[in-house]
Amino acid sequence: MSKRELIEPTPGDKRYVRRDDKGHFKDQVDVGKSLAADRRQKAKTDAGPGQGDRGDHKAR
């Protein structure tokens, strides 16, 4: 799976996107909604760098 990339298509509208093999947008989500969803639930799996929506990160 490709890493999430932060884009800002217009000022004030930040989004996390994933691209497919051809470079087209495959998945996109608003940053605010993504962070709110992360706070609402605890994931059981550990996610790697750039994969924050796929699970939690270990405490540092």
Side-chain angles (χ1 to χ4, degrees):
M1 183 64 55
S2 63
K3 289 188 176 185
R4 289 193 305 177
E5 178 183 341
L6 180 64
I7 64 168
E8 190 172 4
T10 58
D13 180 29
K14 291 187 178 180
R15 298 180 173 273
Y16 286 126
V17 297
R18 289 186 189 275
R19 296 180 186 265
D20 62 8
D21 296 334
K22 296 178 182 177
H24 299 122
F25 292 145
K26 180 178 179 185
D27 180 36
Q28 59 179 314
V29 65
D30 185 66
V31 171
K33 288 184 179 184
S34 176
L35 295 177
D38 289 346
R39 284 191 295 269
R40 282 195 302 266
Q41 62 187 2
K42 298 292 181 189
K44 295 178 182 177
T45 59
D46 180 44
Q51 305 290 331
D53 58 335
R54 304 269 182 215
D56 285 339
H57 295 291
K58 291 182 180 178
R60 293 181 187 200

Is it the case that one hydrophobic cluster holds both V29 and V31, taking links as side-chain heavy atoms less than 4.5 Å apart, direct or via other members?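 Yes, V29 and V31 fall within the same hydrophobic cluster.
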
Side chain to side chain contact (heavy atoms under 4.5 Å, CB included) test vs R19 passes for just one of H24, E5, R4, K26, namely E5

What distance do I7 atom CD1 and Y16 atom OH have between them, rounded to the nearest 0.5 Å? 12.0 Å

If you measure from CZ on R18 to NZ on K3, what distance do you get to the nearest 0.5 Å?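 Interatomic distance, R18 CZ to K3 NZ, rounded to 0.5 Å: 11.0 Å.
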
Quick check: are there more than 12 heavy atoms from other residues, nucleotides or ligands sitting under 6.0 Å from CG of D21? no

Return the set of residues passing side chain to side chain contact (heavy atoms under 4.5 Å, CB included) with K33 (not counting sequence neighbours), or none when no residue passes.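 Per chain and number, K33 pairs via side chain to side chain contact (heavy atoms under 4.5 Å, CB included) with D30.
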
